[in-house]
Number of protein chains: 4
Amino acid sequence: MADGVKVRRLPRVVRERQMMDAAVTCFARHGYQSASMDEIAELAGVSKPLVYLYLGSKEELFTACIRREAGALLAAVAAGVEDRSRPADEQLWAGLLAFFTYVADHPDAWVVLSRRAWTQGEPFAGEASRMREEIAAFVAGLIGDVHGGVAGPGVEVRGGGAGPDPDVHGGGVGRGVDALALALVGAAESLADWAAETPGTTARDTAATLMNFAWAGLGNLVKSERWSPP
Amino acid sequence: MADGVKVRRLPRVVRERQMMDAAVTCFARHGYQSASMDEIAELAGVSKPLVYLYLGSKEELFTACIRREAGALLAAVAAGVEDRSRPADEQLWAGLLAFFTYVADHPDAWVVLSRRAWTQGEPFAGEASRMREEIAAFVAGLIGDVHGGVAGPGVEVRGGGAGPDPDVHGGGVGRGVDALALALVGAAESLADWAAETPGTTARDTAATLMNFAWAGLGNLVKSERWSPP
Amino acid sequence: MADGVKVRRLPRVVRERQMMDAAVTCFARHGYQSASMDEIAELAGVSKPLVYLYLGSKEELFTACIRREAGALLAAVAAGVEDRSRPADEQLWAGLLAFFTYVADHPDAWVVLSRRAWTQGEPFAGEASRMREEIAAFVAGLIGDVHGGVAGPGVEVRGGGAGPDPDVHGGGVGRGVDALALALVGAAESLADWAAETPGTTARDTAATLMNFAWAGLGNLVKSERWSPP
Amino acid sequence: MADGVKVRRLPRVVRERQMMDAAVTCFARHGYQSASMDEIAELAGVSKPLVYLYLGSKEELFTACIRREAGALLAAVAAGVEDRSRPADEQLWAGLLAFFTYVADHPDAWVVLSRRAWTQGEPFAGEASRMREEIAAFVAGLIGDVHGGVAGPGVEVRGGGAGPDPDVHGGGVGRGVDALALALVGAAESLADWAAETPGTTARDTAATLMNFAWAGLGNLVKSERWSPP
DNA sequence: AATGAATGAGCCTTCATTCAT
DNA sequence: GATGAATGAAGGCTCATTCAT
């Protein structure tokens, strides 16, 4: 009858965060399939039915996790880039730095987002790819500026992407640009995984490595025409 | 008396190949965890016990698949490269072309080898990574040639601040080169996945895209200093 | 609204008892290996997962059964003996009577405890033997009392040739006493099985038979009226 | 075409012995249920179908093993007793000695015969019990001599069992005698197991221990020095 | 006389999910 | 708002047993 002795009735939002935090940890630890709802509920400190009540099925839970973490990652990158009118290389550098920094600071989130936690055929593969595509699209924008600029003679390389950018998607240059962007994203993922496993790496170094690779190009490493961080 | 209608009692080697083919297909379709031995056996046209008798457990079966497919892929790339005394860019180009060609021709094999079929923590992750590392090592060799051979002393692949050289790990160039190689491999994987999903791409185009990206460098796309296939 | 028609949602302890009862029955009926978890669950009136949730694996379940039944049997015997300061023959008689009574009343329990339900090499063999040893130790204590207390020094329980005393193991009397105790326990088991299969036997009669066999024999060991091999 | 290079076609009897030897070993090692036909066939050096061809099912194979080994054991005991007209105690001693000797020399056979290799409910339980009963009947014969003798006053204790022995089975004394015989057999089994597990025991010592236990007891039944329940 | 090839059937175990309170 | 109790469904693995040669 005495109430208030043990207040366990937390507001829904708090509980949901607890659960998703637990879920991210578990999914990162075991992967989607091997993570069990039991463990997630236990780690969150609640009973299993509550998880189902709030977050739906395991699949929905995972999708929610991906959405939350992808949003945070994208926000971090966007915040890092800051100003979309700066020169493309500065934007790229800022984006890479923000990316590797975020990933280093949130390893579980990155595991869940990267392909280490799930496999093809799982229904949220699309959900997860969406983030990838968003990032790729952003990168494609940058590259498109550069690349498109090159197409016409005399065009300023560093022309900011102020105006509309009609040629990024679709045929023509677009497809090539998309492919390049994907290559860059793939390289970034690969390096992020490597950095996560390799002790003693800093986000700045990793970002610089990729920036070098991407910007200067392997062929030019030969000529010491390296890009260097500002 | 009618012969050839339905062949039963095949020799062990043949059955084993059938089973592994079926396994590769299933693993590619659903991923390791979700693929069921029942489905594999059915697809192979045999009963489940036979699969266990010949190939052992599910894990052993998957490992065997990875080994077989990794061997085939590596062999294809090695055959493409042909002559390790040619100029590095030719070698790289040949390797990329062979890689994307093989991957385009054997999409299931590629899914099984790439991270789309399994997740971190699964016991064969090591087995599967071995191939990745072998390819990366090969690429690192090329890059190292370029770097060490052409650029002369004093050139550094990895970026970093202006301050004291943080490259305290590994043997001088090593780590930076490894990271670059991994970046390249990651880009290749990413493009391979993209090519697999995108109709109308040829292996040659994809390879050229990556070669451009990797060799010329994004920065130089600006100056139209693009590498072009021989 | 109708209550008592069919009781669902029982508290855990009740369900656990139901399951273990069912398990004892099944194990007694078919032996450990041949008993199936399906049958146990069905007999207990629950689904299989619940059995696993509450009692763990088949092996753990069996171990739990053995422990429970062994505890009950030992408790029954101990309660029968009552007073460990009474004369040894009274103690033995009381123990035998309690044993055969309990065994007659709980035939399934006895099957599970005796070697009829499991075979050598099964992991709980040790668990099950422990009870046997406890009983044997108790009996050995009685015999030891008789022997040490009444017979005085120089009397030996174990036979043997006329030559040098081969009793080099154990602490003097120990081994011979242990062997005798085991013989007695073996005889008791054998009679218990026989009584279980033979209708019309009472626990009192069976106990008396064994007591006659054992005591008249043991009693005379005291007087050195030993039979000696020719 | 060349024949005779490798003669593997052994006569049926030889093959059968090989198989049964292997079977006894396997059954002793793992118990009936856990022993696999694969292992038996392999140990026998033949293919599985041959085992089925010669010995029938696993159950028949085990039954055959039991029959063979039981026959050998009984023959050994019978041979040890030699002369059924000797005094009962000599017969019993000779039988026990032969029993423990045989068991010590053929541990696998004993495991298969004793309850360590199979469990109740298995169809050959009866088959295996038959040997037990045969031995028990033999023992009962001896005891019956002694016991029956005591009933009438002045009867010679060691009266040989030459004449017909009508009162061993059935009501009256019979049942008690059977029970005593079973107790003795149970004690013998128990000691045999103990001896098998305990290094440094000789068959003679073990037999003497039991003989002491049994005879000093039985011997006193003669003098009506029976212990009686309060 | 002997075997390589093959399978039907079953068992232990797990897990996402829901019901009733 | 929160949970203890309970399960349907499926998956990995094994084994005795047989067919065709």
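Every value quoted in this text rests on a predicted model; they were computed, and no experiment measured them. Residue numbering restarts at 1 for every chain, and letters A, B, ... go by the order of the sequence lines. The figures here come from the full heavy-atom set of this structure, side chains too, leaving out hydrogens, waters and symmetry mates.
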**Message:** For M19(D) and L50(D): C-alpha separation, side-chain torsions, deciding distance, then whether side chain to side chain contact (heavy atoms under 4.5 Å, CB included) applies.
**Reply:** CA-CA 9 Å; M19(D) 291 173 192; L50(D) 203 60; 3.7 Å; yes
**Message:** Do E60(A) and T63(A) pair up side chain to side chain, a donor and an acceptor below 3.5 Å, judged on atom types alone?
**Reply:** no
**Item:** Beyond-backbone contact of L61(D) with F27(D), side-chain heavy atoms, under 4.5 angstrom
**Value:** yes
**Complete:** 5'-most contact on DNA chain E (nearest-nucleotide basis), R12(B) vs M37(C), goes to R12(B)
**Request:** Return the value, rounded to whole Å, for the distance between atom CZ of F62(C) and atom P of dT13(E).
**Result:** 14 Å
**Prompt:** Of the nucleotides dT13(E), dT7(F), dA2(E), which one has an atom closest to the side chain of L50(C)?
**Reply:** dT7(F)
**Asked** Which of these nucleotides, dA6(F), dC15(E), dA2(E), is closest to any side-chain atom of P49(C)?
**Response** dC15(E)
**Request:** Measure distances between side-chain N and O atoms of K48(C) and base N and O atoms of dT13(E), and say whether any donor-acceptor pair falls under 3.5 Å.
**Result:** yes
**Request:** Please report, rounded to the nearest Å, how far the C1' atom of dT13(E) is from the CG atom of L55(C).
**Result:** 15 Å
**Asked** Is the NZ or CZ atom of K58(A) positioned over Y32(A)'s six-membered ring, under 6.0 angstrom from the centre and within 45° of the axis?
**Response** yes
**Asked** Taking OP1 and OP2 of dA6(E), is either one under 4.0 Å from a side-chain nitrogen or oxygen of Y54(B)?
**Response** yes
**Request:** Please work out if A41(A) contacts a base, only the sugar-phosphate, or nothing of the nucleic acid, heavy-atom cut-off 4.0 Å.
**Result:** nothing
**Prompt:** Just how far, in rounded Å, is P of dG4(E) from CD of E42(D)?
**Reply:** 12 Å
**Prompt:** Does a nitrogen or oxygen in the side chain of Y52(B) sit under 4.0 Å from OP1 or OP2 of dT14(F)?
**Reply:** no
**Complete:** L61(B) atom CG is separated from dG11(F) atom P, nearest whole Å, by 16 Å
**Item:** Between P of dG10(E) and CG of D38(B), the distance in whole Å
**Value:** 15 Å
**Complete:** DNA chain E nearest-nucleotide lookup for S47(B) and E59(C): closer to the 5′ end is S47(B)
**Asked** Using Watson-Crick and G-U wobble pairs whose two distances are both under 3.5 Å, how do you write the pairing of DNA chain F as dot-bracket, with | for links to another strand?
**Response** .||||||||||||||||||||
**Nearest-angstrom distance from the residue atom CD of Q33(A) to P of dT14(E)** = 17 Å
**Prompt:** Quick one: on DNA chain F, does L53(A) or Y32(D) contact a more 5' nucleotide (nearest heavy atom)?
**Reply:** L53(A)
**Prompt:** Which whole-number value in Å describes the distance from H30(C) NE2 to dG10(E) P?
**Reply:** 14 Å
**Request:** Would you tell me if any nitrogen or oxygen in the side chain of R9(B) comes within less than 4.0 Å of OP1 or OP2 on dG4(E)?
**Result:** no
**Asked** E39(D) has an atom CD; how far is it from atom P of dT14(F), in whole Å?
**Response** 14 Å
**Of the listed nucleotides dA6(E), dA2(F), dT17(E), the one nearest the side chain of L10(B)** = dA6(E)
**Prompt:** Side-chain contact, heavy-atom cut-off 4.5 Å: D38(B) with E42(B)?
**Reply:** no
**Item:** Distance-only polar pair, side chains of H30(B) and E39(B), donor-acceptor under 3.5 Å
**Value:** yes
**Request:** Check step by step if side chain to side chain contact (heavy atoms under 4.5 Å, CB included) holds for W110(A) and L73(A).
**Result:** CA-CA 9 Å; W110(A) 174 241; L73(A) 172 55; 4.3 Å; yes
**Request:** State, without any angle test, whether E122(C) and T119(C) hold a side-chain donor-acceptor pair at a distance under 3.5 Å.
**Result:** yes
